[in-house]
There are 2 protein chains.
Amino acid sequence: MSTRSRILRLSRYKNAAIRLKSLNFVKVFSDNLGDATGVTASQVRKDFSIFGISGNRRGGYQVDELLVQLNKVLGKDKPQKFIVVGVGNLGRALINYPGFGKSEIRIVAGFDIDPAKYNRKADAPILPIDELAGFAKANEVELAIIAVPDFAAQGVFEKLIKAGIKGVLNFAPIRLKSDDNVTVHNLNLETEFENLIYFVNTKTSPTE
Amino acid sequence: MSTRSRILRLSRYKNAAIRLKSLNFVKVFSDNLGDATGVTASQVRKDFSIFGISGNRRGGYQVDELLVQLNKVLGKDKPQKFIVVGVGNLGRALINYPGFGKSEIRIVAGFDIDPAKYNRKADAPILPIDELAGFAKANEVELAIIAVPDFAAQGVFEKLIKAGIKGVLNFAPIRLKSDDNVTVHNLNLETEFENLIYFVNTKTSPTE
DNA sequence: TTTATTTTGTGATTTTATTCACGAAAAAAC
DNA sequence: GTTTTTTCGTGAATAAAATCACAAAATAAA
Ligand SMILES: NC(=O)c1ccc[n+]([C@@H]2O[C@H](COP(=O)([O-])OP(=O)(O)OC[C@H]3O[C@@H](n4cnc5c(N)ncnc54)[C@H](O)[C@@H]3O)[C@@H](O)[C@H]2O)c1
Ligand SMILES: NC(=O)c1ccc[n+]([C@@H]2O[C@H](COP(=O)([O-])OP(=O)(O)OC[C@H]3O[C@@H](n4cnc5c(N)ncnc54)[C@H](O)[C@@H]3O)[C@@H](O)[C@H]2O)c1
């Protein structure tokens, strides 16, 4: 019923709806959302139908109402707290990114092993890794981002599990395995680069 | 024949093969690669079969030979030059990432509108955006990364097209459209966060 | 009010992707 | 040298995803 790509599409519909709302749309049609996200109108309707999101025949979807429903499905009707482990180039970019603020994503702390990174005064404090479990429990955080080097990722993952973390977004280029207790999404940027390279090379290749 | 997710899998097989090679494996089986990447062995063999990558019955695949073939399919048998537009938090993280060096991905320059970012002396110089077209043509770069704020992304995209860029990896949270001349991969990190939130929330939800 | 038009919602159909299953080849064991 | 074991390669079968197509509802027009 709920596959990864279907949920990714719902997020995109939500983003498209936000954009259309900012252009003063009051209602949108499946056709608009399809155009904005690059899928067919019936794909949009089928996705909505599966989550019980309904509109009005001939009237489309009320943007405000649609956003409420999408946010509800996506679990974004309440703030979601994340911690970041590894405050290097990437970790810092995520912590400093103000765009998450607009959404309900809150990065509440960073953890590192390098004392030079510590900063207890920042909005999202940067703390020693030893304080991870205590912080996560005290603040009821169950989502984490791994942004440490590949060789450190498995160890950090195990610490996160012990700290009661339930979901991990892993940027290190190794595959961490999900299990019943912890959902892991591995996001390998290098793989995304390679994918682009492939499609550019095959399209421009003079042999076809 | 060649779909996006199939190519993503090939990249993962390649990464797995590199890791197994570093563990002194000389040959690998479809079963090993499946385990390492989270797919079935027959998926691995089918993917290989589609690209004419073959091994030996009972002997599996010679790691070195496999890597040569995978790199060839993926277009990674030669260095691939990228430029980054927008040298902010994310752009800087990408430019400074040494991990791309090991692979054949080379970020050869950054471009920005903020003079405070310029630095002609760096290995990958940071240059004014006006020099983009000249640089891209002089250095035969056809791949680019967009790491500017959302409102600037469409404008930058059009400049990249004029500069003869053929492939774009877009980190700004708006959907840029590919056409026959330019391949675009939109990578929305917020969407990835939302996806994780959904799966964690639905799994831990006490209602099911 | 009646008729025409538009757009949803969803089963039926088609397309695409994955897995199954087994013959053939290669290596190992006997 | 023969038999057994293992693993590939791939066509056939199954499963999953996307699209089609159309009745039903809602609105607008007449
Ligand atoms: N920067 C990029 O653009 C980029 C691109 C692709 C992939 N990645 C991946 O993302 C991850 C982070 O990359 P980065 O460029 O930010 O690396 P980085 O080296 O800049 O930062 C890593 C940080 O992790 C900290 N660290 C190391 N071991 C730790 C541990 N055991 N516990 C807590 N903290 C620890 C280090 O002190 C450092 O601050 C890496 O796995 C990298 O391969 C990064
Ligand atoms: N930082 C993150 O973790 C993160 C997370 C999700 C999405 N993103 C997206 O990635 C993009 C970059 O994010 P960031 O945090 O690095 O932003 P940033 O504000 O730190 O940097 C943006 C850079 O782009 C430059 N710029 C602005 N307009 C430009 C133009 N027309 N031409 C050239 N350069 C221009 C700015 O001078 C700045 O250096 C944004 O679209 C953001 O939404 C970032």
Side-chain angles (χ1 to χ4, degrees), chain A residues 1-14 16-17 20 25-70 72-73 191 195 198-199 202, chain B residues 1-14 16-17 20 25-70 73 175 191 195 198-199 202:
Chain A
M1 175 179 174
S2 57
T3 110
R4 186 166 144 71
S5 54
R6 178 162 278 126
I7 304 299
L8 284 171
R9 284 198 303 269
L10 288 190
S11 280
R12 292 195 205 108
Y13 303 151
K14 188 211 62 185
L20 293 170
F25 279 56
V26 172
K27 58 185 186 183
V28 292
F29 303 121
S30 55
D31 195 43
N32 302 141
L33 294 170
D35 274 0
T37 57
V39 303
T40 63
S42 63
Q43 179 80 81
V44 175
R45 296 201 301 277
K46 170 102 1 173
D47 287 337
F48 285 179
S49 149
I50 281 166
F51 289 98
I53 293 173
S54 60
N56 313 302
R57 289 171 202 233
R58 188 167 190 170
Y61 305 83
Q62 296 293 119
V63 179
D64 285 324
E65 173 57 16
L66 179 62
L67 281 170
V68 169
Q69 300 214 62
L70 284 171
K72 198 166 173 187
V73 169
T191 303
N195 203 250
Y198 174 84
F199 284 101
T202 53
Chain B
M1 174 180 174
S2 59
T3 104
R4 188 166 142 70
S5 54
R6 177 162 280 126
I7 304 301
L8 284 171
R9 284 198 304 268
L10 288 189
S11 280
R12 292 195 206 108
Y13 303 150
K14 188 211 63 185
L20 294 170
F25 280 54
V26 172
K27 58 186 185 182
V28 294
F29 302 121
S30 56
D31 195 44
N32 302 142
L33 293 170
D35 274 0
T37 57
V39 302
T40 63
S42 63
Q43 179 79 81
V44 175
R45 295 201 301 277
K46 172 81 50 168
D47 286 337
F48 285 178
S49 146
I50 282 167
F51 289 99
I53 294 174
S54 61
N56 313 303
R57 289 170 203 231
R58 189 166 190 172
Y61 304 84
Q62 296 293 119
V63 179
D64 285 325
E65 173 56 16
L66 179 62
L67 282 169
V68 169
Q69 299 214 62
L70 284 170
V73 170
R175 201 179 84 96
T191 304
N195 203 251
Y198 173 84
F199 284 101
T202 53

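In this text the structure is predicted, and so the values were computed from the model without any measurement. We use all heavy atoms of the structure for the numbers below, so side chains are in, but hydrogens, waters and symmetry mates are not. Here is the naming used below: chain letters follow the sequence lines, and residue numbers restart at 1 for every chain.
Partner of B:Tyr13 under the side chain to side chain contact (heavy atoms under 4.5 Å, CB included) criterion, out of B:Val39, B:Leu66, B:Ile53: B:Val39 alone.
Using a 4.5 Å cut-off on side-chain heavy atoms (C-beta onward), A:Phe48 and A:Leu70 make contact. In this structure, the side chains of A:Thr37 and A:Arg9 stay at 4.5 Å or more apart for every pair of heavy atoms. Annotation: side chain of A:Arg45 is in contact with side chain of A:Tyr61 (closest heavy-atom distance under 4.5 Å). At a threshold of 4.5 Å between non-hydrogen side-chain atoms, the residues B:Gln69 and B:Phe51 do not count as touching.
In this structure, the CD1 atom of A:Ile50 is 10 Å from the C1' atom of C:dT10, given to the nearest Å. Taking atom CD1 of B:Ile53 as the reference point, atom C1' of D:dG9 lies 13 Å away to the nearest angstrom. Residue A:Arg4 contributes atom CZ, which lies 14 Å from atom P of D:dA18 at whole-angstrom precision. To the nearest angstrom, C1' of C:dT18 lies 16 Å from CG of B:Leu8. The CG-C1' distance, from B:Asp31 to D:dT6, rounds to 11 Å in whole Å. Following rounding to the nearest Å, A:Lys27 (NZ) and D:dA26 (C1') show an atom-to-atom distance of 10 Å. As rounded to whole Å, 13 Å separates atom C1' of D:dA26 from atom CD of A:Gln62. One atom, CZ of B:Arg6, and another, C1' of C:dT19, lie 13 Å apart when rounded to the nearest Å.
Considering only side-chain N and O atoms, B:Gln43 lies nowhere under 4.0 angstrom from the phosphate OP1 or OP2 of C:dA17. At the phosphate of D:dA17, neither OP1 nor OP2 sits under 4.0 Å from any side-chain N or O atom of A:Arg9.
Contacts with DNA chain D (heavy atom under 4.0 Å) in residues 54-61 of chain A: A:Arg57, A:Arg58, listed by number.
In this structure, A:Ser5 OG and A:Ile7 CD1 are separated by 9.0 Å, a value rounded to the nearest 0.5 Å.
Remark: the backbone N or O of A:Val44 is not paired with any side-chain donor or acceptor of A:Asp47 at under 3.5 angstrom. Here the side chain of B:Asn32 pairs a donor or acceptor atom with the backbone of B:Phe29 at under 3.5 angstrom.
Residues B:Thr3 and A:Phe199 come closest through the heavy atom pair C-CZ, 3.9 Å.
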Look for any protein N or O under 3.5 Å of an N or O in nucleotides 20-22 of chain D and output each such pair with its distance, or none.
unit_1, atom_1, unit_2, atom_2, d
D:dA21, N6, A:Arg45, NH2, 3.4

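Each of B:Ala41 and A:Ser5 lies near DNA chain D, and the nucleotide nearest B:Ala41 is the one positioned closer to the 5' end.
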